[in-house]
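The structure under discussion appears below in the form of structure tokens.
Index from 1, following the sequence.
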Amino acid sequence: MTYSGEVTVGGPADVHELKDLMITKIAVGPMNNNAYLLRCRATDEQVLIDAANDAQALLGTIGDDGIASVVTTHQHGDHWQALAEVVAATGARTYAGREDAGGIPVPTDVLLDDGDTVRVGNVELTARHLVGHTPGSIALVYDDPHGHPHVFTGDCLFPGGVGNTRKDPEAFASLIHDVETKIFAVLPDETWVYPGHGNDTTLGAERPHLPEWHARGW
């Protein structure tokens, strides 16, 4: 089946099969959060991005192989409701952005700064610190050596705009700057975007609309 990235709460996961990495997307919880299970095809090591809600659904997706780590993209509560239960069940290490770790009620084992590496077996992802939705939001970039990049953006970039900055002009200016300079300026149009809620997109689909986002201020 071709991967679409269209998932619904209570429905099946969707799997994006890359040469070195398998990406399983599942929607959970009342805010339709996306969680992403990454599996290195060479080592079978797994990492979860956002233990957002419904620990049993997430653990069922993880399966008997467990996970090495959980990365929480930012401190908002809808992205860590199942974190404590998932960590208790798997013994996974926890990762989060340095500036957001204090707002996550499960201790963070590894504090992430811009440019840090998160490993999934033989696969490396690069953390990009994006300020504005929260002080310590982290996106993860997988630069696939066999194809185009993939970026997990949390709530910093969606189809149609950047994340909510609560009508704060300074927060919006910060977020749009970081998204433009650290994501759009360095990654090609083919880059696949996996957001914290809703459907996926590509940078190419969103790039023409950057002037509109600037003009509207959100």
Side-chain angles (χ1 to χ4, degrees), residues 23 25-38 47-55 58 67 69-87 92-118 120 125-142 150-184 187 192-201 206 213 218:
I23 302 166
K25 178 179 182 178
I26 183 174
V28 292
M31 296 186 70
N32 192 31
N33 284 75
N34 296 324
Y36 299 95
L37 181 68
L38 280 51
V47 169
L48 181 67
I49 299 176
D50 283 344
N53 207 298
D54 195 347
L58 296 178
I67 49 172
S69 310
V70 183
V71 181
T72 302
T73 57
H74 63 289
Q75 65 181 337
H76 287 161
D78 59 307
H79 290 260
W80 48 253
Q81 291 296 312
L83 182 59
E85 191 171 343
V86 168
V87 168
R93 295 185 305 273
T94 53
Y95 288 69
R98 184 177 300 276
E99 288 78 7
D100 269 17
I104 300 168
V106 178
T108 298
D109 297 320
V110 182
L111 299 172
L112 293 173
D113 296 307
D114 192 65
D116 284 350
T117 296
V118 176
V120 188
L125 302 104
T126 302
R128 303 316 312 252
H129 180 203
L130 308 174
V131 182
H133 182 68
T134 66
S137 287
I138 292 291
L140 293 174
V141 179
Y142 171 48
H150 300 256
V151 56
F152 302 87
T153 56
D155 283 2
C156 288
L157 178 63
F158 296 97
V162 296
N164 186 3
T165 50
R166 298 161 297 283
K167 299 183 179 179
D168 180 336
E170 289 187 10
F172 172 75
S174 175
L175 183 55
I176 194 78
H177 171 269
D178 283 1
V179 166
E180 284 190 305
T181 59
K182 296 181 181 181
I183 303 295
F184 281 97
L187 297 173
W192 197 279
V193 177
Y194 305 83
H197 305 262
N199 292 338
D200 300 352
T201 186
E206 305 306 321
W213 304 353
W218 55 273

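Annotation: the span from Asp200 atom CG to His150 atom NE2 amounts to 10.5 Å, rounded to 0.5 Å. The structure places CG of Leu175 at 7.0 Å from CG of Leu130, a figure rounded to the nearest 0.5 Å. For the atom pair Leu140 CG and Ile138 CD1, the distance stands at 7.5 Å (nearest 0.5 Å). Atom CD1 of residue Ile49 and atom CD1 of residue Ile67 lie 11.0 Å apart, to the nearest 0.5 angstrom. The CD1 atom of Ile183 sits 7.5 Å away from atom CG of Leu157, with the distance rounded to the nearest 0.5 Å. Here CG of Asp168 is found 9.5 Å from OG of Ser174. Values are rounded to the nearest 0.5 Å.
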Q: List the steps, then state whether side chain to side chain contact (heavy atoms under 4.5 Å, CB included) holds for Thr126 with Asp116.
A: CA-CA 6 Å; Thr126 302; Asp116 284 350; over 6 Å; no

Q | Worked check of side chain to side chain contact (heavy atoms under 4.5 Å, CB included) between Asp113 and His129 | A | CA-CA 6 Å; Asp113 296 307; His129 180 203; over 6 Å; no

Q: Let me see the working for Val71 and Val47 under side chain to side chain contact (heavy atoms under 4.5 Å, CB included), right down to the final yes or no.
A: CA-CA 8 Å; Val71 181; Val47 169; 4.1 Å; yes

Q: In sequence, state the C-alpha distance, the side-chain angles, and the governing distance for Val110 and Thr94, and then conclude on side chain to side chain contact (heavy atoms under 4.5 Å, CB included).
A: CA-CA 6 Å; Val110 182; Thr94 53; over 6 Å; no

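Within the 3.5 Å criterion, the main-chain N or O of Gly136 finds a donor-acceptor partner in the side chain of Asp100. Without hydrogens or angle criteria, Asp178 side chain to Val131 main chain gives a donor-acceptor distance under 3.5 Å.
Residues Asp50 and His79 have side chains that bring a donor and an acceptor to within less than 3.5 angstrom of each other. Checked by atom type, the side-chain pair Asn33/Asp78 shows a donor-acceptor distance below 3.5 Å. The closest side-chain donor-acceptor pair between Glu206 and Thr201 falls under 3.5 angstrom.
Heavy atoms only, all atoms of each residue included: Ala51 and Leu58 are closest at CA-CD1, 3.6 Å. The two atoms that bring Ser137 and Cys156 nearest to each other are CB-SG, 3.5 Å, heavy atoms only. For the pair Ala173 and Ile176, the tightest heavy-atom approach, listed with the atom from each and the gap, is O-CG2, 3.4 Å. Taking both residues in full, the closest heavy atoms of Gly198 and Asn34 are given as O-ND2, 2.9 Å, listed atom of the first, atom of the second, then distance. Annotation for Gly103 and Pro105: closest pair O-CD, 3.9 Å, computed over non-hydrogen atoms. Thr108 and Tyr95 make their closest contact through CG2-C, 3.9 Å (heavy atoms, listed as atom of the first residue, atom of the second, distance).
A heavy-atom distance below 4.5 Å is not found between the side chains of Asp155 and Asn164. Leu125 places none of its side-chain heavy atoms less than 4.5 Å from the side chain of Thr117. Proximity of His76 to His133: side-chain heavy atoms (C-beta onward) are separated by under 4.5 Å at one or more points. You'll find the side chain of Pro135 reaches within 4.5 Å of the side chain of Gln75, heavy atoms only. The shortest side-chain heavy-atom distance between Leu38 and Tyr142 does not fall under the 4.5 Å cut-off.
Salt bridge present: Asp114 and Lys182 bring a charged side-chain N and a carboxylate O closer than 4.0 Å. Ion pair Asp109/Arg93 not flagged as a salt bridge, since none of the NZ, NE, NH1 or NH2 atoms sits closer than 4.0 Å to an Asp/Glu carboxylate oxygen.
Ring-plane geometry between Phe158 and His197 is classed as tilted, the angle between the planes lying from 30 to 60 degrees on a 0 to 90 degree scale. In this structure, Tyr194 and Trp192 have tilted ring planes: the angle between them lies in the 30° to 60° band.
No more than 12 heavy atoms of other residues, nucleotides or ligands lie within 6.0 Å of CH2 in Trp218, so this atom counts as exposed by the packing criterion.
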